[in-house]
Protein chains: 2
Amino acid sequence: MRLSTRAQYAVRAMVDLSLHSGGRPVALRDIAEREDIPLNYLEQLFNRLRRGRIVESVRGPGGGYLLARESAAIRVGEIVATVEEPLTPVSCMDEKKGGCTRPEACTTHNVWQMLGERIRGFLDSITLEDLTREARRRGSTE
Amino acid sequence: MRLSTRAQYAVRAMVDLSLHSGGRPVALRDIAEREDIPLNYLEQLFNRLRRGRIVESVRGPGGGYLLARESAAIRVGEIVATVEEPLTPVSCMDEKKGGCTRPEACTTHNVWQMLGERIRGFLDSITLEDLTREARRRGSTE
DNA sequence: CTATAGTTGACAGAAATTGTAGGGTATGAT
DNA sequence: ATCATACCCTACAATTTCTGTCAACTATAG
């Protein structure tokens, strides 16, 4: 039950982006350096985030990435789900197998199903704005 | 964010054990067959469960495993935590690293911390008795 | 036309998970 | 006693997933 570093990187990078973009594109190179994330790896993550319509890209010199919408409209759950693909705790919930021949199987599946809903529900209750505000607060007090 | 099959196996096996034990030990061989879990693998899991004081073993012929206490006193969260070792979403929460030099890092860490609490809280709210009752209900109606 | 910075796919290394093998040890039954 | 059962334990092989790297390509500002 461990979150991939992919997801952790993605959220940290998004907070960084939100903090440092004043409406202007932020280059991955800068984010990678500040957050100590391998640049090439970060590129892959932002490709997914772009396809997930969470960020927009600007190519060419002076380019970089922008939030696709205001930070209050971006939920952490989205970010995680986008880079992490399936946010379901067990495999047999994505693809349909014949499974569930055993009566206990279904019972436990219900548990995992509900667990997944709880996880998504919690992560969706937090916005990028929340994190950004908190990060700014911490940054200023210290 | 995926639960290991270890954890899924463990919970299923515990439900099976609870269903089939009438105060008498149940052999892993039987559980493995009914649940279609590799026997050797199941043995490893039950070693952990025994060390976690969730089950007790009876050796020799006619032996097997028993619940260490009534099923209402065994929570799913315990079972999962016992076989899954750390139930924390991110690595840097177990071992202490210097981390958290970046202000955003701490912010996101809070999120993972709270997520972990939610997960544990949910899984601890369900007892083995709940699952057993539900499994029996399903089994009888079909 | 050149440097910048995103876009993409392939792939290598590392780590964790999952499963297998093979021996040991306690115990009930014959 | 001895034998079969079934737990106990360790090491390791196979597999998968995750993490990270590389190289080549495309768009664009200056």
Side-chain angles (χ1 to χ4, degrees), chain A residues 1-10 12-13 17 20-21 24-33 35-52 54-66 68 80 83-92 94-95, chain B residues 1-10 12-13 17 20-21 24-33 35-52 54-66 68 80 83-92 94-95:
Chain A
M1 207 72 229
R2 181 149 285 181
L3 211 64
S4 61
T5 71
R6 245 204 322 276
Q8 299 173 48
Y9 281 169
R12 262 173 47 208
L17 171 55
H20 291 92
S21 170
R24 291 183 16 202
V26 178
L28 286 192
R29 184 194 164 94
D30 296 337
I31 298 179
E33 196 165 317
E35 299 293 332
D36 195 32
I37 299 171
L39 175 57
N40 288 307
Y41 201 39
L42 201 55
E43 286 179 343
Q44 292 176 29
L45 300 186
F46 270 76
N47 271 325
R48 299 202 198 197
L49 293 173
R50 181 173 51 79
R51 293 201 197 92
I54 292 174
V55 298
E56 281 169 7
S57 63
V58 178
R59 302 178 71 156
Y65 285 92
L66 294 163
V80 174
V83 300
E84 185 110 331
E85 278 319 320
L87 202 50
T88 55
V90 302
S91 52
C92 54
D94 314 315
E95 59 246 306
Chain B
M1 208 70 228
R2 181 149 285 181
L3 209 65
S4 62
T5 72
R6 247 206 319 279
Q8 300 173 49
Y9 281 171
R12 262 173 48 205
L17 171 55
H20 291 92
S21 170
R24 292 183 14 202
V26 178
L28 285 192
R29 185 194 163 95
D30 297 337
I31 298 179
E33 196 164 318
E35 298 294 332
D36 196 32
I37 299 171
L39 175 57
N40 287 308
Y41 201 39
L42 201 56
E43 286 181 342
Q44 292 176 31
L45 301 187
F46 270 76
N47 272 327
R48 298 203 199 195
L49 293 173
R50 181 174 51 78
R51 293 201 197 92
I54 292 175
V55 298
E56 282 170 4
S57 65
V58 178
R59 303 180 70 158
Y65 285 92
L66 293 164
V80 174
V83 300
E84 185 112 329
E85 281 317 322
L87 202 49
T88 55
V90 304
S91 52
C92 53
D94 314 314
E95 59 245 307

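Residue numbers begin at 1 in each chain, while the letters A, B, ... track the order of the sequences.
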For residues B:V80 and A:M1, determine if any side-chain heavy atom of one lies less than 4.5 Å from a side-chain heavy atom of the other.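 A side-chain contact is absent here, since even the closest heavy-atom pair is not under 4.5 Å.
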Heavy-atom contact window of chain B on DNA chain D, given 5' to 3' at under 4.0 Å: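 Span of nucleotides near chain B: D:dA4 to D:dA11.
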Return yes when atom CG of A:D36 has more than 12 non-hydrogen atoms of other residues, nucleotides or ligands closer than 6.0 Å, and no otherwise.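 No, because the 6.0 Å sphere around CG of A:D36 holds 12 heavy atoms or fewer from other groups.
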What is the distance, to the nearest angstrom, from the [atom1] atom on [X] to the [atom2] atom on [N]?
{"X": "A:L17", "N": "C:dA5", "atom1": "CG", "atom2": "P", "result": "15 Å"}
{"X": "B:R2", "N": "C:dA16", "atom1": "CZ", "atom2": "C1'", "result": "15 Å"}
{"X": "A:I31", "N": "C:dG6", "atom1": "CD1", "atom2": "C1'", "result": "12 Å"}
{"X": "A:L66", "N": "C:dA5", "atom1": "CG", "atom2": "C1'", "result": "13 Å"}
{"X": "A:R51", "N": "C:dT7", "atom1": "CZ", "atom2": "C1'", "result": "8 Å"}
{"X": "A:L42", "N": "C:dG6", "atom1": "CG", "atom2": "P", "result": "9 Å"}

Would you list the atom pairs, donor with acceptor, under 3.5 Å between side chains in residues 39-52 of chain A and any protein atom, with sequence neighbours excluded?
residue: A:N47; atom: OD1; partner: A:R50; partner atom: NH2; Å: 3.2
residue: A:N47; atom: ND2; partner: A:E43; partner atom: O; Å: 3.4
residue: A:R48; atom: NH1; partner: A:V83; partner atom: O; Å: 3.0

Tell me whether the OP1 or OP2 atom of C:dT7 has a side-chain N or O from A:R50 closer than 4.0 Å. yes
Would B:I37 and B:Y9 count as a side chain to side chain contact (heavy atoms under 4.5 Å, CB included) if you check the C-alpha gap in whole Å, the side-chain angles of each, and the deciding distance to 0.1 Å? CA-CA 7 Å; B:I37 299 171; B:Y9 281 171; 3.7 Å; yes
Let me see the working for A:L3 and A:E84 under side chain to side chain contact (heavy atoms under 4.5 Å, CB included), right down to the final yes or no. CA-CA 9 Å; A:L3 211 64; A:E84 185 110 331; 3.9 Å; yes
Quick one: label A:F46 by what it contacts on the DNA or RNA (base, sugar-phosphate, nothing), any heavy atom closer than 4.0 Å.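 Nothing, no heavy atom under 4.0 Å.
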Heavy atoms under 4.0 Å, any strand shown: does B:R48 hit a base, just sugar-phosphate, or nothing? nothing
Candidates A:V55, A:L17, A:L66 - the one meeting side chain to side chain contact (heavy atoms under 4.5 Å, CB included) with A:P25: A:L66
Contacts of A:A27 and B:Y9 projected onto DNA chain C by closest heavy atom; the upstream (5') one is A:A27
Any chance you could measure B:S21, atom OG, to B:I31, atom CD1, to the nearest 0.5 Å? 9.0 Å
Tell me which of B:Y65 and A:G62 sits closer to the 5' end of DNA chain D, going by the nucleotide each one is nearest to. B:Y65
Per-nucleotide protein contact along nucleotides 20-30 of chain C, 5' to 3', at a 4.0 Å heavy-atom cut-off (B base, S sugar-phosphate only, - neither), is BBB-BBBBB--
